[in-house]
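Owing to the predicted nature of the structure, the values given are computational and were not obtained by experimental measurement. Just follow the structure's listing: the first ligand is 1, and inside any ligand the first atom is 1.
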Amino acid sequence: MKHKIKPRGSVIAALDIGTHKIACFIAQVIDDEGGLEVVGVGYQAAQGIKNGIVVDIDAADKAIRQTVHTAEVMAAEVMKGYPLRDVIINVPGSQAKSHNLSAEIQISGQVVTEQDIRRALARAQDQVLSDNLELVHTIPVLCSIDGNTGIIDPRGMTGDKLGVDIHIVTGDLSALQNMATCIDRSHLDIIALASSPYAAGLASLVEDEMDLGCTVIDMGAGMTSFAVFQSGQMIFSDSIPVGGWHVTNDIAHGLTCSNADAERLKTLYGSAIVSSSDDAELIDVTRLGESGSDAIQSVQRSLLIGIIQPRLEEILELIKSKLDRSGLGTSLGRRVVLTGGASQLPGLRDLTQQILDKQVRLGRPIRLNGLPDAVSGPAFSTTAGLLNYVVSRSHEMPAEIMASVDSGSLWDRFKYWWKENW
Ligand SMILES: Nc1ncnc2c1ncn2[C@@H]1O[C@H](COP(=O)(O)OP(=O)(O)OP(=O)(O)O)[C@@H](O)[C@H]1O
Ligand SMILES: [Mg+2]
C-alpha cells in the first residue's frame with residue numbers, strides 16, 4: 001500500500017499552530033525514498049490562539065504570516081522567489097477525537113475489490129460521522145475475511161464477508177473552519193491535516209517502537225496529547241487540556257510572582273521530583289507589584305518543586321486512567337516517549353516511569369535532515385512530524401480508496417492534489 005513519493009526536489013511545508021508558539025518548516029524532498037532536508041524555518045510566540053483554537057483571527061493571522069515569512073526568507077534559494085502556498089497543518093489534540101470501529105459487509109463468494117473496501121470503510125465511518133465533524137485520519141488496523149483476522153490488504157482475496165477494523169480521527173468542524181479562515185487570510189492553502197500527537201509520534205518514535213507498541217506523550221503549553229502506536233500504525237489518541245502553561249500559572253499563583261518570572265523560575269530551577277537537597281537551595285523570587293530590594297524574596301527550591309510536582313502528577317494520572325480505559329491492554333506496549341516543550345523539565349522521565357509503570361525516554365525529531373539546532377528539540381516534534389506525515393501516508397488507506405469514502409469534505413482540494421501528485 002505504499003504511495004508514490006513526491007518527486008525529488010519538490011518542496012513541502014508544515015505549519016504547527018500551538019498554544020505557546022507557531023512554527024513553520026519548509027523542506028525539500030532529497031531522494032526517491034521521501035528523505036527530507038529542511039531548507040527554511042520560522043517560529044514565534046503564538047498569538048490569537050488558545051488551546052489550539054483561534055480566539056482572535058487578526059492576531060493569529062498576523063503571527064502566521066510573520067512565521068511563514070521568516071521560513072520563506074531562509075528558504076529563498078530553494079523557493080526561487082515563489083511565495084509559499086501549500087501547507088500541512090496540525091489538528092490540536094483538543095480538537096481531535098479517536099474512534100476504533102469495526103464493520104462487516106457481504107461479498108458473497110466474490111473477489112474483494114477496492115469498491116468493497118470503500119463500502120466497508122464507509123459503513124464503519126457512518127457510525128461516527130456527523131455534520132459537525134471533519135474526518136482527519138482513517139487508518140485501517142486490520143481486515144478480516146469470513147472471520148479470519150489479521151489481513152493487511154484483502155484486495156484480490158475471496159470470501160463471503162469482508163470485515164474492517166479501523167481507527168478514525170475526527171476533528172471539530174467549526175474549530176477547523178476558523179483555522180482554515182486564518183490560513184486562507186494568510187494566502188496559504190491547507191493541503192493536509194494531521195493530528196498533533198500523531199505527528200509527534202511520526203517525528204520521534206523509532207520503527208521498533210511503532211511496531212512493538214509505544215505511547216508518545218506530547219506535553220505542550222495548553223494541552224498534553226498522546227497517541228498509541230502498534231504494528232506500525234496509530235491505534236489510539238486522546239488529550240488532556242492541561243500542559244506547561246498550567247504549571248507556570250500554578251507557580252505564579254503559589255509564589256505570587258508574574259507569569260514571566262514563573263516561566264523563568266520553572267525553566268531555570270524547576271524539576272518534576274523534589275530531592276532532599278532542594279530544601280537547602282534558595283532561589284530569588286520577585287514579588288508581584290513590588291519594587292526595589294523588598295520585592296526580592298528568597299524561597300527554598302523545594303517550595304517551587306512542591307508546586308510543580310502535583311500538577312505533573314495530575315497530568316500523568318489522567319493519562320494513565322485514559323489509557324487504562326482505552327481497553328487496549330497489552331497492545332499499549334511497555335514504552336513511553338515523552339516529547340513537547342514541557343517534557344524538558346528535569347525529573348519528568350522518572351515521574352512518568354513511576355506513574356505509568358513503563359520504560360520512558362525523551363523524544364525529539366529524528367527523521368529530518370538539516371534541522372537547525374534551535375528547532376531540533378522536543379518542542380518541535382509536532383512540526384517535524386507534519387512533514388514526516390506527508391511522506392508516510394502509506395499507514396493510511398490508499399488515496400484512490402479514501403477519495404471516494406470521505407464525502408462532502410472541506411478538504412476535497414487536498415484529496416485532488418493528493419491523487420494528482422503522490
Ligand atoms: N526548558 C524547559 N523546561 C520546562 N518547560 C519548558 C522548557 N522549555 C519550554 N517549556 C514549556 O513548554 C511549553 C511549550 O511547549 P510547546 O512549544 O510544545 O507548546 P505548543 O506546541 O505551543 O502548545 P500546545 O501543543 O499545547 O498547543 C511551555 O509551557 C513552556 O513553559
Ligand atoms: Mg504543540
Centroid separation Phe380 to Tyr43 less than 6.0 Å: yes

Parallel, tilted or perpendicular: ring planes of Tyr198 versus Tyr389, cut at 30 and 60 degrees: perpendicular

Residues which pass salt bridge (charged side-chain N to carboxylate O under 4.0 Å, His left out) with Lys21, listed by chain and number, not counting sequence neighbours: Asp16

Exam field: side chain Glu72 to backbone Pro83, donor-acceptor pair closer than 3.5 Å: no

Residue pairs fulfilling salt bridge (charged side-chain N to carboxylate O under 4.0 Å, His left out) with at least one residue in residues 194-214, sequence neighbours excluded: Glu209-Arg335, Glu209-Arg361

Residues which pass side chain to side chain contact (heavy atoms under 4.5 Å, CB included) with Ser10, listed by chain and number, not counting sequence neighbours: Lys6, Pro7, Val29

Amino acids contacting ligand 1, non-hydrogen cut-off under 4.0 Å: Gly18, Thr19, His20, Lys21, Gly220, Ala221, Gly222, Met223, Gly244, Trp245, Glu263, Lys266, Thr267, Gly340, Gly341, Ala342, Gln344, Leu345, Ala379

